[in-house]
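Accompanying notes for the structure given below.
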Amino acid sequence: MNKLSAVVIGAGIGGITAAAHLARRGLHVTVLEKNSRPGGRCDYFTRDGHTFDTGPTLLVMPLVYEQEFARLGCSLRDRLDLRRIDPTYHLIFDDGSALRLTSDLKEMCDQLEAIEPGSFEGLLRYLDEGHRHYHLAMERLVDRDFRSASQFFNLRNLPLLFRLKPLIHHYDHMSAYFTSPRLKAAFTFQDVYMGLSPFKAPATFSMMPYTELAHGVWYPQGGMYSVVEALTEIALKAGVAFEFDAEVDRIEIAGERVRGVRLTDGRQFDADLVVANADLPYVYDQLLPDDGTGERMSHKRFSCSTISFFWAVDKSYPALPAHTLFLADDFRENFDSIETQLTLPDHPSLYVHAPSRLDASRAPEGQDSIVAVVPVGHLGEGDEQDWRTLRDRARCAVFDRLSTIGINDLETHLKFEVNFTPPSWRQRYNLLKGATHGLSHTLTQLGYFRPSNRHTRYHNLYFAGASTRPGTGVPTALISGRLAAERVADDFALTTI
Ligand SMILES: Cc1cc2nc3c(=O)[nH]c(=O)nc-3n(C[C@H](O)[C@H](O)[C@H](O)COP(=O)(O)OP(=O)(O)OC[C@H]3O[C@@H](n4cnc5c(N)ncnc54)[C@H](O)[C@@H]3O)c2cc1C
């Protein structure tokens with residue numbers, strides 16, 4: 001009997017994972033990737049002895065990685081050399097004062113009480129809530145598919161409306177735990193990982209600071225790209241074929257089914273089913289026939305974007321921690337600029353990463369590789385903004401912030417700079433509007449409301465990745481790839497390995 005064949009569009013985390021699961025179930029799987037290597041947004045580059053992760057720099061939710069690698073028949077710890085980062089982040093406020101987020105509760109108590117007397121008790125209550133949100137949300141919303149409305153809208157799920165606090169905005173909810181605006185910011189900035197403002201995010205997301213402190217923030221030796229390498233190796237071993245520099249031009253339709261894809265170079269790949277891992281709004285906009293869905297999707301809420309800098313410097317800055325966040329006192333105005341005006345805030349909050357603190361191989365001896373990420377709005381309709389000018393302003397903002405911690409000479413030690421702006425993100429990975437995290441995670445775009453892992457009309461077209469269920473981030477992309485493969489397995493009555 002001929003093997004069933006599958007084409008996967010895109011070798012992002014979700015695409016490789018889906019491909020590996022399908023190959024392990026006996027399918028003949030080909031992954032077509034427009035770029036010259038796998039990984040998608042989980043990307044890197046090396047130049048003159050400096051190596052930079054250009055996308056993810058934080059391995060969070062390690063329990064999900066463990067679970068998903070196990071489901072691929074592998075042990076995470078055998079594949080990756082993981083080191084826990086503690087303190088996870090150094091937070092720096094506008095007046096130069098600092099807060100180190102650590103799982104050492106005594107140290108947290110001393111620091112918090114110095115900022116706001118009584119706040120440590122608030123932290124413990126907040127973490128308790130985060131613990132409940134994490135386990136409930138993982139079980140009932142994240143680590144699962146919703147194949148029918150009744151699986152979501154049922155009496156069993158009704159208590160989630162109260163227990164997960166989805167109807168309350170995360171930042172507003174912080175008043176139950178802290179008075180200090182700085183502490184409220186310190187335990188909500190993680191929403192930006194979902195590409196979302198804490199002023200719009202559901203309070204459900206207290207699960208993120210909880211998992212970071214309880215389960216840890218980790219760093220795989222070799223950088224985040226080693227996650228891609230491990231997954232690709234698993235997929236190759238399962239028999240997946242990869243084609244790079246292979247850009248899909250359109251998904252071919254025959255009646256109510258898809259029958260394969262056509263590449264921009266004219267090649268045709270026929271298949272019994274297609275899994276699209278390229279970001280979902282782009283797939284509707286560019287790869288599928290125009291039935292109005294692409295237009296409707298473009299009106300959904302998109303996540304923010306970033307201006308990212310990758311700096312090679314001929315000097316080492318050992319005092320610069322691995323993960324530093326500069327949190328602006330005008331936290332609310334920051335998100336207003338990003339989400340409403342779709343631009344760069346006047347005084348942006350930003351993130352600086354110094355990977356050599358974790359892995360000496362990231363820069364030549366005595367030198368540093370530094371990543372700075374400044375969140376900005378995504379591209380608007382017919383975007384008129386001058387991103388070069390905004391990029392230059394963002395660069396000055398980072399240098400200004402570094403000077404508050406005594407680093408004044410970075411610019412004079414620059415060997416080279418590479419930078420990405422929203423148009424770069426759009427062009428490199430086909431992210432509509434340059435939204436780095438795809439569709440955002442507002443209440444109406446979560447759980448059942450997030451686009452499904454299978455097309456509603458073409459039942460042999462599946463979706464895996466950030467803008468489909470369950471959502472954005474590397475761990476969720478791992479889950480998404482599996483959910484898409486499980487859907488295929490059920491539709492085609494495949495056996496499980
Ligand atoms: C700046 C930044 C920082 C981040 N930080 C973190 C972090 O610290 N921790 C974390 O967990 N997550 C982080 N994320 C999110 C995480 O990187 C993504 O959610 C995840 O990698 C998305 O995976 P995906 O499966 O959706 O695929 P994608 O990465 O979107 O990959 C899709 C692939 O499809 C390819 N493609 C697109 N169009 C076509 C076509 N027509 N033909 C062929 N191929 C095509 C693309 O080139 C790409 O390789 C970050 C993201 C960014 C951008």
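All ligand and atom numbering here is 1-based and tracks the order in the structure.
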Is it true that Asp368 and Arg362 make a salt bridge, defined as a side-chain N closer than 4.0 Å to a carboxylate O? no
Looking at non-hydrogen atoms alone, which of Arg37, Lys34, His437, Glu243 comes nearest to atom 43 (C) of ligand 1? Lys34
Nearest neighbour of atom 12 (N) of ligand 1 from the list Val474, Thr468, Leu478, on a heavy-atom basis: Val474
Between Trp218 and Arg77, is there a cation-pi geometry (under 6.0 Å to ring centre, at most 45° from the normal)? yes
Where's the contact between Pro56 and ligand 1, heavy-atom distance under 4.0 Å: side chain, backbone, both or neither? both
Lys/Arg-Asp/Glu bridge criterion (N-O < 4.0 Å) met for Glu486, Arg482: yes
How does Ser480 reach ligand 1, if at all, at less than 4.0 Å between non-hydrogen atoms: by side chain, backbone, both, or neither? neither
Atom 32 (C) of ligand 1 has as its nearest protein heavy atom Asn277 OD1, 3.4 Å
What atoms of ligand 1 come within less than 4.0 Å of a heavy atom belonging to Thr436? 53 (C)
With heavy atoms of Asn430 as the reference, note each atom of ligand 1 found under 4.0 Å away. 37 (C), 38 (N), 39 (C), 41 (N)
To atom 20 (C) of ligand 1, the nearest of Gly473, Gly40, Gly434, Gly12 on a heavy-atom basis is Gly473
Before signing off on this row, confirm whether Val248 and ligand 1 have an N or O atom pair separated by under 3.5 Å. yes
Asn35 to ligand 1: N or O pair under 3.5 Å? yes
Closest to atom 34 (O) of ligand 1 (judged by heavy-atom distance), picking from Gly14, Gly10, Ala276: Gly10
Which residue and heavy atom of the protein sit nearest atom 36 (N) of ligand 1, plus the separation: Ala278 CB, 3.9 Å
Ligand 1 to Thr472 polar contact by distance, N or O atoms, under 3.5 Å: yes
Donor-acceptor pair between Tyr89 and Glu212 side chains, under 3.5 angstrom: yes
Is the closest side-chain donor-acceptor distance between Asp191 and Tyr171 under 3.5 Å? no
Is Asp490 salt-bridged to Arg147, cutoff N-O under 4.0 Å? yes
What about Trp425: any of its N or O atoms under 3.5 Å from an N or O on ligand 1? no
Do side-chain atoms of Asp143 reach the backbone of Met138 as a donor and acceptor pair under 3.5 angstrom? no
When only distance counts, is Tyr282 in polar contact with ligand 1, meaning an N/O pair under 3.5 Å? yes
Are Arg37 and Tyr44 in a cation-pi setup, meaning NZ or CZ lies under 6.0 angstrom from the ring centre and within 45 degrees of the ring axis? yes
Considering only non-hydrogen protein atoms, determine which one is nearest to atom 49 (O) of ligand 1 and report residue, atom name and distance to 0.1 Å. Glu33 OE1, 2.6 Å
